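Below is one structure, written out as structure tokens; comments come after it.
Everything numeric in this text was worked out from a predicted model, so none of it was measured. Residue numbers run from 1 in the order of the sequence given.
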Amino acid sequence: DMGEGFVERGIEYRRRRKLFVEKLAKARDDMKKDCELEEKKEKLARESASELQKSLEKIYVEYENLSQLMQALNHVDETAQAMSRENSLDNELDEPGSMLLNNANDENEGGFLSV
């Protein structure tokens, strides 16, 4: 009978169509989930980049502060060294047996510094 084969083919066609629609819906849902996941990854990457940029800016500011502090410390060190040299020269001049003091006294005999 021809009608019986037609009904069976119709039933098979509907079953296959239903499976195809289900697979298509699943593929669409999977793609949607993949897109959402990619969007989340991109958002996290942007946030991470932003946080990294902020951290780098903070590090740069700290570096600048430390650099200025090091310059100030170097200046203080140079000043302390200069003062130390002046003090040691003063001490050397103040020593009674100092060559510099004796030479200065010898050269000054009878000069305007003599009393």
Please tabulate, for side-chain N and O atoms in residues 71-82, each donor-acceptor pair with protein atoms closer than 3.5 Å (sequence neighbours left out).
residue: Asn74; atom: ND2; partner: Met70; partner atom: O; Å: 3.4
residue: Asp77; atom: OD2; partner: Gln81; partner atom: NE2; Å: 3.2
residue: Thr79; atom: OG1; partner: His75; partner atom: O; Å: 2.8

Solution key, residues 30-47 side-chain donor-acceptor pairs under 3.5 Å, sequence neighbours excluded:
residue: Asp30; atom: OD2; partner: Lys26; partner atom: NZ; Å: 3.1

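Screening residues 15-25 for side chain to side chain donor-acceptor pair (under 3.5 Å) gives Glu12-Arg15, Glu12-Arg16 as the qualifying pairs, with residues at least two apart or on separate chains. Identified under the side chain to side chain donor-acceptor pair (under 3.5 Å) test for residues 57-69, with sequence neighbours left out: Gln53-Glu57, Tyr60-Glu64.
Applying the under-4.5 Å side-chain rule to Ile, Leu, Val, Met, Phe, Trp and Tyr, the cluster around Leu52 extends to Leu56. Taking Ile, Leu, Val, Met, Phe, Trp and Tyr as members and joining any whose side-chain heavy atoms lie under 4.5 Å apart, directly or through other members, the hydrophobic cluster of Leu24 also contains Phe20.
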